[in-house]
Amino acid sequence: MVGQVIRASSPQGRFAAGAALLDGRVLMGVEAYGKHLFHRFEGLGDRLHVHLGLYGTFVSGSVPAPDPRGALRLRMIADGHYVDLRGPTRCELLTAGERRELLARLGPDPLRPSADPEPARQRIVRSKTPIGALLMDQAVLAGVGNVYRAEVLFRAGIAPTRPGTAMSDLEVATMWSDLRHLMRAGVRTGRIVTTAREHRDHRRGPARDEDRFYVYRRTDLPCRICGTPIRTAEMAARKVYWCPRCQAR
DNA sequence: GCAAAATGTCAAG
DNA sequence: TTGACCTTTTGCA
């Protein structure tokens, strides 16, 4: 929709004032930092800031858009397409200063080509906090969530409970490049798949849903590598999953 | 029909 | 660390 005049509305009403400000403006660009999305509009200093949170979703399609149903926070229409936003934890207009403050609280985002992992490495190796909690901290790394935390630790063979201080520089560097690789694949395909082809039951074609992860949401199921039942526990307010044998270190 | 869970964050204590 | 919040889907009765 970039370059198009956007028709914006908030059928639910919670973002009615904001939508009215956006309506009729040209969308100039859209950018993501970690889990935060920013839209820039012509002639408007503020930017639209969207954070989906746990259950926010964008749904898009070709016009005509279906009649608004349920709680539809924001609908944008341009160039024969609509984009519906439901359930976000944030949908607001931010001034340049507010945006700067928000970005200042974020660690490097593995998806951004220019990101420098060094600040993340320093925070990790200087912290006694478990690596499973550090990976969820957006001030350490921006964009990593509960799926990537569990999966990247499995792929590295590292227990989520390991303190940051017990992480080597090489292990941190390896996790960073693995996150970069996995998250880019996620952007490219629109879904998260962290299993190597040879570790899926069906090795040809796109991964089936139940084949996408090594440990995430696989409590008590056998580890794909060693058969040991996958364990789960709360860490950093979310459930973390790991294989007690493959991630014994 | 209702509870619980879900790729998350923040304020309060 | 806990509870609140945003909304939909799924599983159970």
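Residue numbers begin at 1 in each chain, while the letters A, B, ... track the order of the sequences.
Using a 4.5 Å heavy-atom threshold, the side chains of Thr194(A) and Phe154(A) count as separate.
Counting to the nearest Å, the P atom of dA6(B) and the CD1 atom of Ile192(A) are 14 Å from each other. Distance Asp137(A) CG to dT1(C) P: 13 Å, rounded to the nearest Å. If you take CZ of Arg217(A) and C1' of dG11(C), they are 12 Å apart, rounded to a whole angstrom. Here the P atom of nucleotide dA6(B) and the NZ atom of Lys35(A) are 15 Å apart, to the nearest Å. Between the CD atom of Glu234(A) and the P atom of dG8(B) there is a distance of 13 Å, given to the nearest Å. In this structure, Lys239(A) atom NZ and dA6(B) atom P are separated by 5 Å, rounded to whole Å. The distance from atom CZ of Arg90(A) to atom P of dA4(C) is 18 Å, rounded to the nearest whole Å. Rounding to whole angstrom units, CG of residue Leu135(A) and C1' of dG8(B) are separated by 16 Å.
Distance check on atom P: dT8(C) versus dC10(B) gives 23 Å, rounded to whole Å. Between dT9(C) and dT9(B), the distance separating the two P atoms is 22 Å to the nearest Å. Comparing dC5(C) with dG13(B), their P atoms are spaced 14 Å from each other, to the whole Å.
Here Arg14(A) lies in heavy-atom contact (under 4.0 Å) with sugar-phosphate atoms only.
Remark: side-chain polar atoms of Arg90(A) are not paired, donor with acceptor, to backbone N or O of His49(A) under 3.5 angstrom. Between the Gln4(A) side chain and the Met1(A) main chain, no donor and acceptor come within less than 3.5 Å of each other.
Each of Met136(A), Met235(A), Arg162(A) was scored for a side chain to side chain contact (heavy atoms under 4.5 Å, CB included) with Pro130(A), with one residue passing: Met235(A).
A salt bridge links Glu31(A) with Arg112(A): the closest approach of a Lys/Arg side-chain nitrogen to an acidic carboxylate oxygen falls below 4.0 angstrom.
Regarding contacts with the backbone of dT9(B), a side-chain N or O of His51(A) is found under 4.0 angstrom from either OP1 or OP2. Proximity of Arg105(A) to the phosphate of dC10(B): a side-chain N or O atom is located under 4.0 Å from OP1 or OP2.
Mapping Gln138(A) and Tyr241(A) onto DNA chain B by nearest heavy atom places Tyr241(A) at the nucleotide closer to the 5' end.
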